[in-house]
There are 2 protein chains.
Amino acid sequence: MTTARPKPRAGAPKSGHNHRACIATALAAAEKLCAARGEQLTALRRRVLELVWAGHKPVGAYQILDILRGDGRSAAPPTVYRALDFLLAQGLVHRVESLNAFIGCPHPGETHATQFLICSRCGTAVELDDAGIDKAIDGTAARMGFVIAARTVEISGTCAECRGR
Amino acid sequence: MTTARPKPRAGAPKSGHNHRACIATALAAAEKLCAARGEQLTALRRRVLELVWAGHKPVGAYQILDILRGDGRSAAPPTVYRALDFLLAQGLVHRVESLNAFIGCPHPGETHATQFLICSRCGTAVELDDAGIDKAIDGTAARMGFVIAARTVEISGTCAECRGR
DNA sequence: GGAACGGCGTTATAGTATAACATACATGAC
DNA sequence: GTCATGTATGTTATACTATAACGCCGTTCC
Ligand SMILES: [Zn+2]
Ligand SMILES: [Zn+2]
Ligand SMILES: [Zn+2]
Ligand SMILES: [Zn+2]
């Protein structure tokens, strides 16, 4: 029962937004995607995805682990890393290399470019889908005879909201 | 006594190149830069820089540590991390986030864009200085009202040489 | 039933990075 | 001269991140 609303493809989350809706949308999309692929979004995996979506800030594996333990559930590092590996493989979350942390993908199942703007003041990371940046990278890589397998584009700085203050 | 030769700003190192020259050039440039800035390129820092330049592959802090210990020198993790922190602050090395490793900068002291093409087959990382990529990122960040402080652009894939095989 | 598989529990360990305190030495003030 | 200061390094301990290896359990398929 998700409300129909346009997905922000590169919008910063409004500070006053209803984040429950973000979570609900993400979980519903994950259920749908896994069902379509014949993959099992188990209770554990679903819970980990929910925790990754706790906010719009990248979350560390051990933060997730602490919360799982708080749930009363038995959990150890492999518990959370295995769930994260699954979610990464399904494209439901991304890994933020420069923070050793994970964040939910706002448009899983769709082909998209992936860049992050990471605010070092408030911790928010916004996923961009900027084809122009990828294109610039493609061109240079091609000129070097380099075949791209994966891209990491993570820009840190100060977001508009924090700058306003 | 460095040989005068053009610095490759974005060229992959030739497989048969004289790497001793790369190291010598890098060390000479570091000496010069530190002298100009009144910073101390101590024997330890110089040695760590030399080790980072052992090849054109990013090097892990604990690899460096092992070699330092092999030197007969007393060394612990802070030994190498402090040296690396200094070299990073001086712009003599870069950190490769996606590998948790470090690589020498081929043109320290010059303002430059920094992107890496990382071959997952041979491990070589080439530093690019592509203003076009940075420009694409600048434009998008500006549109989002985001003020950039640092950029991480790391592309992994297969280099031309490995692809040829 | 039994083999094969996937998901998860559990224990141990590997790999990366920093905190905190001690020592050594150079420089400049007095 | 010696005292205070600052910087580099030594040393010990610990925190943080990630994976290896083994075992259990439930489902599916024969
Ligand atoms: Zn995404
Ligand atoms: Zn912010
Ligand atoms: Zn550089
Ligand atoms: Zn290669």
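Letters A, B, ... mirror the listed sequences (proteins, then strands); counts begin at 1.
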Rounding to a whole Å, what distance do you find between A/Glu97:CD and D/dT17:C1'?
-> 12 Å
Can you tell me the distance, in whole Å, between the CD atom of A/Gln63 and the P atom of D/dC16?
-> 11 Å
At under 4.0 Å, does any side-chain N or O of [X] touch on OP1 or OP2 of [N]?
X: B/Arg73; N: D/dT11; value: no
X: B/Thr42; N: D/dT9; value: yes
X: B/Thr79; N: D/dT11; value: no
X: A/Tyr81; N: D/dA18; value: yes
X: B/Arg95; N: C/dA17; value: yes

Pair B/Ser98, B/Glu154: side-chain N/O donor-acceptor within cut-off below 3.5 Å = yes
Side chains of B/Asp134 and B/Gln115: donor-acceptor distance under 3.5 Å anywhere?
-> yes
Looking at C/dA17, D/dT12, C/dT10, which one has an atom nearest to any side-chain atom of B/Asn100?
-> C/dA17
Check every atom of D/dA18, D/dA8, D/dT11 against the side chain of B/Arg45 and return the nucleotide holding the closest atom.
-> D/dA8
Using only heavy-atom distances, decide whether a donor-acceptor pair under 3.5 angstrom links the side-chain of A/Arg82 to the base of C/dG9.
-> yes
Do B/Tyr62 and C/dA17 have a side chain to base donor-acceptor pair shorter than 3.5 Å?
-> yes
Starting at the 5' end of DNA chain C and moving along, which residue's nearest nucleotide shows up first, B/Gly60 or A/Gln40?
-> A/Gln40
Earlier contact from the 5' end, DNA chain C, for A/Ala83 and A/Ala76 = A/Ala83
Polar side-chain atom of A/Asp71 near backbone of A/Arg73 as donor-acceptor pair, under 3.5 Å = no
Please tell me if the side chains of B/Val153 and B/Leu128 come closer than 4.5 Å, counting only heavy atoms from C-beta onward.
-> no
